[in-house]
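Structure first, commentary second.
Because the structure is a prediction, the values reported are computed rather than measured.
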Amino acid sequence: MDRQEPGLGELLRHVGELVEQGAEAHYRTMTLPLRTPYRARYTPVLRALQAGATTVTDLTARTRLTQGAISQTVALLEADGLVERHPLQDGRKSGIALTAAGGALVEQLDRHWAATFDAIARLEDEIGHPLRQVLDAAARALERESFSARLAAVRGDADE
């Protein structure tokens, strides 16, 4: 192994940063009806709400983000007037819904999100790999057996 070769985590973070920087740059060129600049981190939550998610638990399941990340993003969206919380019948959870401003924003962003998926398809064509499918398969494999368990298995094999 080349010790100078970047590891998986480094490459994933770098690709993630490049994608997020590109998305943020594009959002800055858009005329959006917001008090504060649009944040790319809003996208998965807004898309999940648009698709029918109604609680933090729903959002976490649909986006595969952590509950902490979802809670922080919902708080930012709420501060920006894009979502509102309301009590649910069982009283243990809050429901989350788009406000009128949030709904109007999502309608405006739909075209951008369609273009985003077209850009992803072009990237996948360029590199010759179905990147989203590969990353989804990797995530599912790591959900079945953690990377920590995989490391332990390799270390155990090396010790024998």
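- Under the 4.5 Å side-chain heavy-atom criterion for ILVMFWY residues, a single connected hydrophobic cluster contains both Leu32 and Leu77.
- Between the Thr99 side chain and the Leu82 main chain, a donor and an acceptor come within less than 3.5 Å of each other.
- Each of Ile96, Val45, Thr73, Leu76 was compared with Val83 under the side-chain contact (heavy atoms from CB on, under 4.5 Å) criterion, and only Ile96 meets it.
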Checklist entry - Between Arg85 and Val74, does a side chain to side chain contact (heavy atoms under 4.5 Å, CB included) hold up when you go through it step by step? => result CA-CA 9 Å; Arg85 294 176 194 259; Val74 167; 3.2 Å; yes

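- Leu135 and Val15 are assigned to two separate hydrophobic clusters, defined by single-linkage of ILVMFWY side chains at heavy-atom distances under 4.5 Å.
- Between the Gln108 side chain and the Thr31 main chain, a donor and an acceptor come within less than 3.5 Å of each other.
- The structure places CD of Glu20 at 14.0 Å from CZ of Arg13, a figure rounded to the nearest 0.5 Å.
- Across Leu59, Thr55, Thr60, a single residue satisfies side-chain contact (heavy atoms from CB on, under 4.5 Å) together with Thr57, and that is Thr55.
- Within 6.0 Å of the CD atom in Glu126, the count of heavy atoms belonging to other residues, nucleotides or ligands does not exceed 12.
- For Gln89, the CD atom sits in a loose shell: 12 or fewer heavy atoms of surrounding residues, nucleotides or ligands are nearer than 6.0 Å.
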Checklist entry - Between His86 and Leu88, does a side chain to side chain contact (heavy atoms under 4.5 Å, CB included) hold up when you go through it step by step? => result CA-CA 6 Å; His86 56 275; Leu88 293 178; 4.1 Å; yes

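- Atom NE2 in His112 sits 6.0 Å away from atom OG1 in Thr43 (nearest 0.5 Å).
- In this structure, CD in Gln21 is found 6.5 Å from CD in Glu17, a value given to the nearest 0.5 Å.
- Closest non-hydrogen pair, Glu145 versus Ala149, comes out as CG-CB, 3.8 Å.
- One N or O on the side chain of Glu124 and one on the backbone of Arg132 form a donor-acceptor pair closer than 3.5 Å.
- Trp113 and Leu98 fall within the same hydrophobic cluster, defined by Ile, Leu, Val, Met, Phe, Trp and Tyr side-chain heavy atoms under 4.5 Å apart, directly or through other members.
- Between Ala69 and Arg41 the shortest heavy-atom distance is O-NH2, 3.6 Å.
- In the hydrophobic clustering of this structure, Leu11 does not group with Leu142; members are Ile, Leu, Val, Met, Phe, Trp, Tyr whose side-chain heavy atoms approach within less than 4.5 Å, directly or through other members.
- Using a cut-off of 4.0 Å between Lys/Arg side-chain N and Asp/Glu carboxylate O, Arg64 and Asp136 are scored as salt-bridged.
- Nearest heavy-atom pair, Arg150 versus Ala141, reported as atom, atom and distance to 0.1 Å: NH2-O, 2.8 Å.
- Leu12 is connected to Ile127 through a chain of hydrophobic side-chain contacts under 4.5 Å among Ile, Leu, Val, Met, Phe, Trp and Tyr, so both are in one cluster.
- Atoms CG and CD1, from Asp125 and Ile120 in turn, are 12.0 Å apart once rounded to the nearest 0.5 Å.
- Ring orientation note: the planes of Tyr27 and Tyr38 are tilted relative to one another, at an angle of 30° to 60°.
- Taking CG of Leu49 as the start and CZ of Arg62 as the end, the distance is 9.0 Å to the nearest 0.5 Å.
- Using modelled atom types, no side-chain atom of Gln67 and backbone atom of Val56 make a donor-acceptor pair closer than 3.5 Å.
- Contact record, Ala101 with Gly81: CB-O, 3.9 Å, taken as the closest heavy-atom pair.
- Side-chain contact between Met30 and Leu109 is present, with at least one heavy-atom pair separated by less than 4.5 Å.
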Next on the checklist: Run the side chain to side chain contact (heavy atoms under 4.5 Å, CB included) test on Gln50 and Asp110 for me, step by step, so that the C-alpha distance in whole Å, both residues' side-chain angles and the decisive distance to 0.1 Å come before the verdict.
Outcome noted: CA-CA 10 Å; Gln50 180 188 36; Asp110 263 339; 3.0 Å; yes

